[in-house]
Amino acid sequence: MYEFTPIGFLKSCYPDKFGVPRQSGIVSSAYSELIISPEWQPEQALEGLSGYSHVWIVFVFHLNKSARYHAKVHPPRMNGESIGVFATRSPHRPNPIGLSLVEIVKIEKNKIIFAGADLVDGTPVLDIKPYLPQFENQPQAKGGWSVESESKNISVEFSEIADVELKNWISRTGRQELREVIVETLKQDPRPVIYKGYESTESPYRNKHAFRLYDGDIHFEFLSADHARVIEIKLKPSS
Ligand SMILES: C[S@@+](CC[C@H](N)C(=O)[O-])C[C@H]1O[C@@H](n2cnc3c(N)ncnc32)[C@H](O)[C@@H]1O
């Protein structure tokens with residue numbers, strides 16, 4: 001057995017799992033921040049990191065409650081098919097440890113701002129390590145089954161009311177990137193597999209969904225398999 005102590009907890013724009021990108025780099029406009037705990041002497045430990053543009057984040061899938069091990073898993077994009085867990089980046093694995101490649105936006109004393117993380121708010125971070133392009137960039141690398149299941153190009157529109165709500169939200173928070181985060185998040189079609197292919201209004205399935213971004217609920221629907229519409233944006237009353 002080994003014991004690890006997190007170096008910090010990631011503050012992400014995604015408070016819930018639903019909507020979180022399925023891989024790092026997909027929603028490049030999503031910012032997150034990591035404050036390194038004082039016991040690791042961050043100001044010294046981060047020295048030299050500003051020379052790098054990207055880091056690997058090693059973290060714990062802390063929201064995975066199921067302890068049962070399955071050697072084969074069902075990745076959402078395999079439409080019901082199963083595959084060996086070690087051929088996937090599934091959160092459900094022998095040790096619930098994840099690995100994400102993110103861009104460094106800024107380093108301020110004990111705090112690092114990242115772009116492109118695929119993590120839920122509060123994720124415990126075990127370590128960060130610089131990405132070494134001279135060794136790790138492998139243009140000839142094969143992408144396995146995940147390349148074959150790349151999703152189609154999805155367009156995203158905002159209803160009139162959602163557009164007004166978004167503009168107010170941006171002007172109140174100063175977060176210029178909000179529109180892009182919403183669009184990039186919907187472009188990866190975050191809906192559970194069972195809802196896909198049932199976009200018509202006669203569908204027996206619920207076709208309106210919402211994901212949470214900071215303190216806002218983004219209500220959306222898919223009008224067809226490759227066209228999403230933001231219906232409205234509901235902010236928490238206190239915000
Ligand atoms: C497929 S995993 C890939 C994560 C990482 N890039 C990797 O390859 O290890 C990404 C998904 O993990 C889930 N997730 C993110 N943070 C999590 C956490 N702290 N606990 C459990 N699940 C999490 C979200 O549903 C997200 O879409």
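Note that the numbering runs from 1 along the sequence shown for the chain. Order of listing sets the numbers, starting from 1, for every ligand and every atom in it.
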*Asks:* Between the side chain of His209 and the main-chain N/O of Phe220, is any donor-acceptor distance below 3.5 Å?
*Replies:*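 Not confirmed, His209 side chain does not pair with Phe220 backbone.
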*Asks:* Tell me whether Arg175 forms a cation-pi arrangement with Tyr214, defined as NZ or CZ under 6.0 Å from the six-membered ring centre and within 45 degrees of its axis.
*Replies:*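 Yes, Arg175 lies over the aromatic ring of Tyr214.
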*Asks:* Would you mind running through ligand 1 and noting each atom that sits below 4.0 Å from a heavy atom of Asn64?
*Replies:*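 Near Asn64, the atoms of ligand 1 are 21 (C), 22 (N).
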*Asks:* So for ligand 1, is His62 a polar contact partner (N or O within less than 3.5 Å, distance only)?
*Replies:*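 Such a contact does occur with ligand 1.
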*Asks:* Do me a favour and list the nearest non-hydrogen protein atom to atom 20 (N) of ligand 1 with residue, atom name and distance?
*Replies:*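 Nearest neighbour among protein heavy atoms for atom 20 (N) of ligand 1, to 0.1 Å: Leu63 N, 3.1 Å.
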*Asks:* Would Glu232 and Lys234 count as a salt bridge (Lys or Arg N to Asp or Glu O under 4.0 Å) if you check the C-alpha gap in whole Å, the side-chain angles of each, and the deciding distance to 0.1 Å?
*Replies:* CA-CA 6 Å; Glu232 60 176 335; Lys234 285 189 181 159; 3.6 Å; yes
*Asks:* Determine whether Tyr14 and Ser32 satisfy the following criterion, side chain to side chain donor-acceptor pair (under 3.5 Å), listing intermediate values before the conclusion.
*Replies:* CA-CA 9 Å; Tyr14 298 102; Ser32 50; over 6 Å; no
*Asks:* Pairs of nitrogen or oxygen atoms closer than 3.5 Å, one from Val120 and one from ligand 1: do any exist?
*Replies:*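 The answer is yes, given that Val120 and ligand 1 share an N or O pair closer than 3.5 Å.
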*Asks:* What are the atoms of ligand 1, with element, lying closer than 4.0 Å to any heavy atom of Gly98?
*Replies:*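 By the 4.0 Å cutoff, the relevant atoms are 9 (O).
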*Asks:* Has ligand 1 got any nitrogen or oxygen that is less than 3.5 angstrom from a nitrogen or oxygen of Val20?
*Replies:*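 The answer is yes, given that Val20 and ligand 1 share an N or O pair closer than 3.5 Å.
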*Asks:* Checking a contact table here: which protein heavy atom is nearest atom 25 (O) of ligand 1, and how many Å away?
*Replies:*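 Protein heavy atom with the smallest distance to atom 25 (O) of ligand 1: Lys17 CD, 3.8 Å.
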*Asks:* Please determine, by modelled atom types, if Trp56 and Glu136 share a side-chain donor-acceptor pair under 3.5 angstrom.
*Replies:*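 Note: Trp56 and Glu136 side chains meet the donor-acceptor criterion.
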*Asks:* Cut-off 3.5 Å, side chains only: do Glu184 and Ser29 have a donor facing an acceptor?
*Replies:*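 Checked: Glu184/Ser29 side chains pair up, N/O donor to acceptor below 3.5 Å.
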*Asks:* Measure the distance from atom 9 (O) of ligand 1 to every protein heavy atom, then report the residue, atom name and distance (to 0.1 Å) of the closest one.
*Replies:*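 For atom 9 (O) of ligand 1, the nearest protein heavy atom comes out as Leu99 N, 2.9 Å.
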*Asks:* What protein heavy atom sits nearest atom 6 (N) of ligand 1, and how far away is it?
*Replies:*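 Atom 6 (N) of ligand 1 sits closest to the protein heavy atom Gln23 OE1, 2.5 Å.
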*Asks:* Do Ser53 and Glu103 get their side chains close enough for a donor-acceptor pair, meaning under 3.5 Å?
*Replies:*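 No.
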*Asks:* Which heavy atom of the protein is the closest neighbour of atom 23 (C) of ligand 1, given with residue, atom name and distance?
*Replies:*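 Protein heavy atom at minimum distance: Phe61 CD2, 3.6 Å.
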*Asks:* Decide whether an N or O pair under 3.5 Å exists between Leu119 and ligand 1.
*Replies:*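 No, Leu119 has no N/O under 3.5 Å of an N/O on ligand 1.
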*Asks:* May I ask you to identify the nearest protein heavy atom to atom 27 (O) of ligand 1, giving residue, atom name and distance to one decimal place in Å?
*Replies:*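 Going atom by atom, the protein heavy atom closest to atom 27 (O) of ligand 1 ends up being Pro21 O, 2.9 Å.
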*Asks:* Between ligand 1 and Asp118, is the shortest N or O to N or O distance under 3.5 Å?
*Replies:*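 Yes - when backbone and side-chain N and O of Asp118 are compared with those of ligand 1, one distance drops under 3.5 Å.
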*Asks:* Show which atoms of ligand 1 fall inside a sub-4.0 Å distance from at least one heavy-atom site of Arg89.
*Replies:*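 Heavy-atom distances to Arg89 below 4.0 Å select 1 (C), 2 (S), 3 (C), 7 (C), 8 (O).
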*Asks:* Got a donor-acceptor contact below 3.5 angstrom from the Arg22 side chain to the Pro76 backbone?
*Replies:*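 Between the backbone of Pro76 and the side chain of Arg22 there is no qualifying donor-acceptor contact (under 3.5 Å).
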*Asks:* Phe59 to ligand 1: N or O pair under 3.5 Å?
*Replies:*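 Between Phe59 and ligand 1 (N or O atoms, distance only) the closest approach is not under 3.5 Å.
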*Asks:* Would you please indicate if the ring centroids of Phe222 and His227 are separated by under 6.0 Å?
*Replies:*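 Distance test on ring centres: not under 6.0 Å, no.
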*Asks:* So for Val60, does at least one of its heavy atoms come nearer than 4.0 angstrom to any atom of ligand 1?
*Replies:*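 In this structure, Val60 qualifies as a contact of ligand 1 - some heavy atom is under 4.0 Å.
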*Asks:* With Ile112, which of Ile57, Leu10, Val105, Ile128 fulfils side chain to side chain contact (heavy atoms under 4.5 Å, CB included)?
*Replies:*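 Testing each of Ile57, Leu10, Val105, Ile128 against Ile112, the sole residue satisfying side chain to side chain contact (heavy atoms under 4.5 Å, CB included) is Ile128.
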*Asks:* Go through ligand 1 atom by atom and flag the ones less than 4.0 Å from a non-hydrogen atom of Pro91.
*Replies:*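 Listed by number with element, the hits are 12 (O).
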*Asks:* Which residue owns the protein heavy atom closest to atom 10 (C) of ligand 1, what's the atom, and how far is it?
*Replies:*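 Heavy-atom neighbour on the protein nearest atom 10 (C) of ligand 1: Arg22 O, 3.6 Å.
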*Asks:* Just checking, is any N or O donor in the side chain of Ser12 or Tyr31 under 3.5 Å from an acceptor N or O on the other one?
*Replies:*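 Per modelled atom types, Ser12 and Tyr31 side chains form no pair under 3.5 Å.
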